[in-house]
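Below is one structure, written out as structure tokens; comments come after it.
Below, chain A is the first sequence line, B the second, and so on; all start at residue 1. Side-chain atoms are counted along with the backbone in the values below, which use heavy atoms only and exclude waters and symmetry mates.
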Number of protein chains: 2
Amino acid sequence: MQGKITMGSKERIQRIKEETRANILDAALEIVKEDGWQSLSMRKIADKIEYTAPIIYEYFANKEGILLELTRLGNVLLLKDFKAVQAKHKTPEKQLEAMWIAYWDFAFSHKELYQLMFGVDMICCDLTKSLPEAEAGKKMFYDLISTIMTESEPTEEIVCRKYYTFWSIIHGLISINLVRRGSTTDEMNQHILRDAIQGIIKAIND
Amino acid sequence: MQGKITMGSKERIQRIKEETRANILDAALEIVKEDGWQSLSMRKIADKIEYTAPIIYEYFANKEGILLELTRLGNVLLLKDFKAVQAKHKTPEKQLEAMWIAYWDFAFSHKELYQLMFGVDMICCDLTKSLPEAEAGKKMFYDLISTIMTESEPTEEIVCRKYYTFWSIIHGLISINLVRRGSTTDEMNQHILRDAIQGIIKAIND
DNA sequence: TAAATAATCTAACAGTGTTAAGCAAATGTA
DNA sequence: TACATTTGCTTAACACTGTTAGATTATTTA
């Protein structure tokens, strides 16, 4: 009899443990949204989830572990956006354009996550490599670029080059807007963004 | 008699004060080159110049003051490079290209300063605005772009747009190389860089 | 030489990430 | 039910961080 109850309580305990883990991540992101990455500290997170700091170390190895998990979650979100907008378009060209615009939108609707993921105005954790979620998004771009260039039989290296050309200009443009806010107007950004994307797509078969 | 000596010693004192100020900046940059921006601390700087930490506060308001001065110095260096390479070319097109390549080279020959100035992998100090040295370099680009576009009588806004298009792609490309080292090969970078610069220059009259 | 001033250091405060020890409550066992 | 054990959580501490105030030492001035 007690056995059954114990089993149930064990599950309950594991459930609230997962909840606490999620609470830690939520609290962290909330603090960052309020006062920026600089202001994030273990004790503040603990305060927010109404525990003391050492508790966090039962859920994450250290502070960097929290950051790593947040970048992972960011990549999951971004990937979801990619898939959603890709499904909305037929031609690879339109899909590619839509995905870069989704990338752009993500940077501003999840400003803090973007800063963490791509190191704008932020201490970038070195462990970002070997995140499979990040690779998945990259692969989507590779595939699309390859498809568009199919008649010219592109090498992996050329596809890679096109991808980074895209990434550079869009990340650079986002950087201006996130770090030096207000240097460019919204209409300007839209102009630069569309020009750049379509320009590169047009030049993709060079 | 003593008066003359006193005057001399006062000058000497001011000279070694300026030396100490420079030593602080040198020490800071040295530490960053050895162990990165994260590792920079007031006490480490003090150790290196063989003083104790509070001394530094007689030369700089706080740590951010040191960072601000280093970004200023970085901008001075960059501006010097700009002027040097511009003098080496005749046509505005060649000058513009040479300046962006100088920008690129600066990012890697003064990696740490670039990180500080443009917030790659670094806590970017917000006080960067209103640095006249930074404005001067920007103006050089504006002038060149205006000159190249002279027949189409560009508005300030369009020139601004072209400038940020340049900056975006080059800063983005530098970001990949400074933050995610080794993602792209050197030859690839050269390819992307030249392609991008000449592509944008060619499209500058659109 | 004695007083005044400048240069420098020590000590401290509040904050950071992180770890070890301890307490108290819940659980398992007899 | 009584004892033992594990679990959850906290307090305390360590080694750092930036920064400031007060004491101390050295130098200059009278």
Report the distance from atom [atom1] of [X] to atom [atom2] of [N], rounded to the nearest whole Å.
{"X": "A/Q38", "N": "D/dG18", "atom1": "CD", "atom2": "P", "value": "13 Å"}
{"X": "A/D47", "N": "C/dG15", "atom1": "CG", "atom2": "C1'", "value": "13 Å"}
{"X": "B/I45", "N": "D/dT19", "atom1": "CD1", "atom2": "P", "value": "10 Å"}
{"X": "A/I55", "N": "D/dT10", "atom1": "CD1", "atom2": "C1'", "value": "8 Å"}
{"X": "B/K17", "N": "C/dA7", "atom1": "NZ", "atom2": "P", "value": "5 Å"}
{"X": "A/F60", "N": "C/dG17", "atom1": "CZ", "atom2": "P", "value": "15 Å"}
{"X": "B/W37", "N": "D/dT17", "atom1": "CH2", "atom2": "C1'", "value": "17 Å"}
{"X": "A/Y59", "N": "C/dT18", "atom1": "OH", "atom2": "P", "value": "17 Å"}

Nearest-nucleotide pick for [X], side chain only, options being [options]:
{"X": "A/E58", "options": "D/dT11, D/dC9, D/dT19", "result": "D/dC9"}
{"X": "B/P54", "options": "D/dT20, D/dG18, C/dT16", "result": "D/dT20"}
{"X": "A/M42", "options": "C/dG17, D/dT17, C/dC9", "result": "C/dG17"}

Worksheet item: Below 3.5 Å, does any donor atom in the side chain of A/R43 face an acceptor in the base of C/dG15, or the other way round?
Response: no
Worksheet item: Parallel under 30°, tilted from 30 to 60°, perpendicular over 60°: which one fits the rings of A/F141 and A/F82?
Response: perpendicular
Worksheet item: Hey, are B/E69 and B/R72 close enough for a salt bridge, meaning a charged N less than 4.0 Å from a carboxylate O?
Response: yes
Worksheet item: Ion pair present between B/D143 and B/K139, side-chain N to carboxylate O less than 4.0 angstrom?
Response: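 Yes, B/D143 and B/K139 are salt-bridged.
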Worksheet item: Below 4.0 angstrom from OP1 or OP2 of C/dT8, is there any side-chain N or O of B/T52?
Response: no
Item to complete: State, with a plain yes or no, whether a side-chain heavy atom of B/Y51 is found less than 4.5 Å away from one of B/I56.
Response: no
Discussion item. Taking any heavy-atom pair under 4.0 Å as a contact, classify A/L40: base, sugar-phosphate, or nothing.
Written reply: sugar-phosphate
Practice prompt. Determine the contact category for B/Y57: base if any of its heavy atoms lies under 4.0 Å from a base atom, sugar-phosphate if only primed atoms, P, OP1 or OP2 are that close, otherwise nothing.
Written response: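 If one applies the 4.0 Å heavy-atom cut-off, B/Y57 turns out to touch a base.
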Discussion item. If you take the centroid of each ring, where Trp contributes its six-membered ring, are B/Y103 and B/F118 closer together than 6.0 Å?
Written reply: yes
